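Encoded as structure tokens, the structure appears first; notes follow it.
Residues: numbered from 1 along the sequence shown. Remember, predicted model here, so these are calculated numbers, not experimental data.
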Amino acid sequence: MSNIKQHLPPRPSSSRLVLDGGLSTELERSYNCDLSTSKLWSAILLKDQDKGCNAIRSVHLDFLRSGAEIICTSGYVELSLNPVSEPYSF
């Protein structure tokens, strides 16, 4: 992941901020997480307190090292009118 700030023109003081983005894409590309096997997408990684949670944490750190000034929390909510076909409990 390159530093995004090198591709942006200089900004006047506090006129814009760089956000993180592409959490799932980075998890798959940089940390070899296969998120295609679950309807829970990247939330499935929360089930694995070691590898999964560490991968999420690492991607957020990568975003910061690459110039992100704001990172979003990884909050997950599953809303459905139908019962979940893949039962999961946090």
Side-chain angles (χ1 to χ4, degrees):
M1 186 180 294
S2 66
N3 188 323
I4 190 68
K5 288 182 182 178
Q6 70 189 16
H7 303 289
L8 299 173
R11 67 179 166 118
S13 61
S14 301
S15 65
R16 70 175 168 260
L17 296 172
V18 178
L19 300 173
D20 68 347
L23 177 67
S24 295
T25 301
E26 276 305 307
L27 285 166
E28 290 181 322
R29 182 175 61 187
S30 298
Y31 292 90
N32 299 316
C33 297
D34 182 6
L35 305 178
S36 66
T37 60
S38 172
K39 292 180 182 180
L40 296 172
W41 299 340
S42 57
I44 194 67
L45 297 176
L46 298 174
K47 186 176 181 181
D48 183 342
Q49 290 294 311
D50 291 323
K51 182 183 176 192
C53 291
N54 284 335
I56 292 171
R57 183 180 305 110
S58 294
V59 169
H60 284 306
L61 290 172
D62 291 344
F63 286 142
L64 291 171
R65 289 183 191 111
S66 296
E69 297 168 286
I70 299 173
I71 57 171
C72 299
T73 60
S74 300
Y76 301 94
V77 176
E78 195 278 329
L79 300 173
S80 175
L81 299 176
N82 299 316
V84 176
S85 59
E86 181 179 346
Y88 187 79
S89 174
F90 287 102

**Message:** Could you work out, with side chain to side chain contact (heavy atoms under 4.5 Å, CB included) as the rule, every residue matching Ser58, not counting sequence neighbours?
**Reply:** Tyr31
**Prompt:** Testing Asp48, Leu27, Ile44 for side-chain contact (heavy atoms from CB on, under 4.5 Å) with Cys33, which one passes?
**Reply:** Leu27
**Item:** Gap separating the CG atom of Leu23 from the CD1 atom of Ile56, nearest 0.5 angstrom
**Value:** 6.5 Å
**Message:** If I take atom CG from residue Leu45 and atom CG from residue Asp34, how far apart are they, to the nearest 0.5 angstrom?
**Reply:** 10.0 Å
**Message:** Side chains of Leu64 and His60, heavy atoms from C-beta outward: is any pair under 4.5 Å?
**Reply:** no
**Asked** Mind checking what makes side-chain hydrogen bond (donor to acceptor under 3.5 Å, both in side chains) contact with Asp50, not counting sequence neighbours?
**Response** none
